[in-house]
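Residue numbers count from 1 along this sequence. Start at 1 and go down the list; that is how both ligands and their atoms are numbered.
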Amino acid sequence: MEPLREVPQRVSENSPNLINNMDEYQDMYDTALANLDTFWLNETRQRITWKSPPTIGIEGSFLEVPEAPLKWFSDGKLNVTESCLDSNLENRGDKTAIIWEGDEPDDCREITYSELHDEVCKAANALKALNVGKGDRVIIYMGMVPEAAIAMLACARIGAVHSVVFGGFSAESLRDRVLDCHSKVIITQDEGLRGSRKIPLKQVCDEALEGEHPVEKVLVYRRTGGDVDWDDSRDVWWQEFVGEQSAVCPATICDAEDPLFILYTSGSTGKPKGLVHTCGGYITYTSYTHQTVFDLREDDVYACVADVGWITGHSYIVYGPLANGATSLMFESIPTYPDAGRYWDMVARHGITIFYTAPTAIRALAAQGDDFVKQHDRSSLRVLGTVGEPINPDAWNWYYDVVGEGRCNIVDTWWQTETGGICITPIASVTPTIGGSATLPMPGIVPLLNDSDGNELTGPSEGLLCIKHPWPGQARTVWGDHPRFVDTYFGMFPGLYFTGDGCRRDERGYYWITGRVDDVINVSGHRMGTAEFEAVLVSHDAVAEAGVVGFPHPIKGSGVYSYIVLQSGAEWNDNFSVELNLLCRKQIGAHAKIDLFQHVPGLPKTRSGKVMRRILRKVAEGEPDALGDISTLADPSVVEAIKEGAQAL
Ligand code: PRX
C-alpha cells in the first residue's frame, strides 16, 4: 500500500466560490454555528426561487423527531423546478443544461435550459392528463436517458412525488416499492442499454404488475425500439403522448415541506425503507453543497457518472446542478465500454472540468493500467470527486497522479441517502487533503463521535459518527413508517442523528470514515442490507439458516460473504451457489450478488439463540483468531468448523 500523502489544494483563480481559503471556511463555519437558522435562511433566500420566501428556519429538534418530523422553511412556498428551470431561462436559456452521452460514444444529445424547460412542461402536462395530481406517487424505472431527469422534474413541476427505482432492481423489488408507496403511474422505457447489453425494463415492469396493484398507467419511453408486450388499456408511449402536449405548464405551488421524492434504501433490518425528502430544504442543500464543494464556475462541464436510481444521481446530476444553472452530463453506459478509457475519452470530447465518481470505479480502472487514461487529453479537468465508500490511498493516489496529472483537487465527499447532500468533504481549491480522509464538515454540519455507551468523544478519537444539529437537506421520515425512521436514526442516541458509520478523527480534526458499523454492506458504493440477502437465501427449500456479512474486496470495497446452513437431509454441492445467486438476482436485482458461499453446520449463537454476527464478520475478514469474547456461545464447536471451512475456501 502506498503511504498517505498530504496535498495542499490548488487555489483557483477567479473562482466565484463562496469560500476561497481556510480562514473563510472557518469564518463561514463559525457564522453558521452561531445561528444555524439565520445561516440557512440566508442561503435559501439567495439561491432558491421562492413564490413566498420563508421567514422561519427550523421547527423542531432531534429530540422532538419522535413526535413529529422536522420542518425547514415551513412558511415558504415554492416549486423546485422554478429554481432548476425557469430561473435559468433569462440568462442561460441557450446554455446546455444536460449533455447526454449514450451507450455508444458517438450517440450524444445536448439539451439547453430552454429546451429542458419545454420538455419538462410537456411531460408534466402528460402526467396531468394521466390523472396524476399533487401528492400522487410516480415510480420512475428507467436507464440513464435524459427523459429520466425530465420525468423527475415533471413530477416536481406538478407537485407529484417521484420514486426512482434503479434499473437493475428485479420485478419483485420494483413491485414491493410500487405497493409500498402506492404509485399511480410508472414511467419506464422499452429497454435500457449498458455496454451494448439490453435491459428489459418494460418486461420487468410488466412482471412487477402481475397481480393486484394501484398502477393506472405505464408511460413507456422508446429507447431501443425492441419488442415489448403492450396493454392498450394501461400502456402509453412517451414519444407520442408527451410529444403532443403543450410546452406551457405553470408550476404547482408547494409548501416547503411537501414531499419532493421518496428514495428506497437498504437498512440493517427488514425491507428497504422509503426515505422522504422534501422540497425547500432539499433543493437548498443540494444547491449549496454542489456549488461550494466543487468550486463551480459558470462555464464548467460537470459530470457525475452515478445513476439517477441512487441519491447521488438525484442530488448531483439533477437537482443540485440544475438549481445552479450548471451543465450536467448524464452517462448511459459503463466505464469499460468499449474499453477502460471511456471516462477519459468522454472528458476529452466534452471538455469535462469536474468529474465525480465512486472509488470502486477508480479501483477497477486503475487495475486496467495507465495507458487507457493517458491516451486521452484530460487537461480540461480541474476537480475530481469521489463518493460512496472509503477510498484507499492507492486508489486516491492513482486518481490524483494519473487521472488528475497531479493538477486537480480531489474532493472525497461523505454523505448518505438520508443526508440528501454532501456533509463531510474537502472544499475544492480550499481544504488541504490527505488521501483517504473526507476531511472537514460543511459549514452548517456539526459532526460528533460517540462511544457505544453514548459518551461524546473529544479530540483525536474513533467512534460512531453522529450529527448534532439538523440541516435542511436531511430526510424527514420513512414513507408510511415514521417510527422506523425514529428508531433507525434517533433510537441509538436520543437527540442525535446516528449515521450508521464508524469514524476516526485525527489530531487536526479531520474525519476518516471507517465504514458501516451496522448490518449494511457497501458493495461497489451500493448499499445492501445483510437481512435482505438472508431473507432470500432462506427462501430456498434446502436452506435452513443463512448469515451474510461483508468482507474486504479489492475492487468492490466490500464483497458479500454468506454462511449457509442446510436443512437436514440436504447435501451441499457447487450448484447451490449458482442457484442461490439466481434467487438473489430474481428477488433483489442484478447488482445483488454473493461472492463467497460457505456451507456450515450451524451459525454461532448465544445461549439465548442470538446469532453472534461479530464472529461471522471476523472470519470473513480473514481474522479468525481475533474473535474476542466467545464465552457466551451455545456451541463452540460450530466456530471451529466455521474457521476450518473458511480456510478451505
Ligand atoms: O458508509 C458510508 C458510505 O456510503 C454510505 C451511504 O450510502 P448511500 O446512502 O447509498 O449513499 C451513497 C452516496 C452518498 C455511508 O453511510 N460512504 C458514502 N460516502 C463515503 C462513504 N464512506 C466513506 N467515504 C465517503 N466519501
V387 heavy atoms within 4.0 Å reach ligand 1 at atoms 13 (C), 14 (C)
Tell me whether R476 forms a cation-pi arrangement with F485, defined as NZ or CZ under 6.0 Å from the six-membered ring centre and within 45 degrees of its axis. no
Under 4.0 Å between a Lys/Arg side-chain N and an Asp/Glu carboxylate O for D506 and R508? no
Protein contact of atom 2 (C) of ligand 1 - nearest heavy atom, named by residue and atom, plus distance: D501 OD2, 3.0 Å
Proximal ligand 1 atoms for I513, defined as those under 4.0 Å from one of its heavy atoms: 22 (N), 23 (C)
Per atom 10 (O) of ligand 1, closest listed option by heavy atom (H526, E389, R527): R527
For R516, the ligand 1 atoms with a heavy-atom partner under 4.0 Å come out as 1 (O), 15 (C), 16 (O)
Atom pair CD1 (I391) and OH (Y400), whose distance is rounded to the nearest 0.5 Å: 13.5 Å
Stepwise salt bridge (charged side-chain N to carboxylate O under 4.0 Å, His left out) test for E532 and R527: CA-CA 11 Å; E532 280 176 82; R527 225 156 109 173; over 6 Å; no
Numbered in order shown, the ligand 1 atoms found under 4.0 Å of a heavy atom of D412 are 24 (N), 25 (C), 26 (N)
Hey, is R382 close enough to E405 for a salt bridge, meaning N to O under 4.0 Å? no
Taking the six-membered ring for Trp, are F62 and H469 ring centroids under 6.0 Å apart? no
Starting from atom 5 (C) of ligand 1, what is the nearest protein heavy atom, named by residue and atom, and what distance separates them? N522 ND2, 3.7 Å
Mark up the atoms of ligand 1 that fall under 4.0 Å of a heavy atom belonging to T413, in ascending order. 19 (N), 20 (C), 25 (C), 26 (N)
As a check for students: among A306, G388, S266, S437, identify the option with a heavy atom nearest to atom 12 (C) of ligand 1. G388
Heavy-atom contacts with W415 under 4.0 Å: which atoms of ligand 1 show up? List them by number with element. 6 (C), 14 (C), 15 (C), 18 (C), 19 (N)
Is there a polar contact, in the sense of an N or O pair closer than 3.5 Å, between T417 and ligand 1? yes
Can you confirm, on distance only, whether ligand 1 has an N/O atom lying under 3.5 Å from any N/O atom belonging to T499? no
Consider ring pair (Phe, Tyr, Trp, His ring centres under 6.0 Å). Of Y316, F331, Y343, Y302, which one does F355 pass it with? Y343
Ranking G500, G385, P390 by closest non-hydrogen atom to atom 23 (C) of ligand 1, top hit is P390
Do the side chains of D180 and R175 get close enough for a salt bridge, i.e. N-O under 4.0 angstrom? no
Can you find an N/O atom of T312 closer than 3.5 Å to an N/O atom of ligand 1? no
Aromatic W344 / basic R378 pairing, under 6.0 angstrom, 45° off normal: no
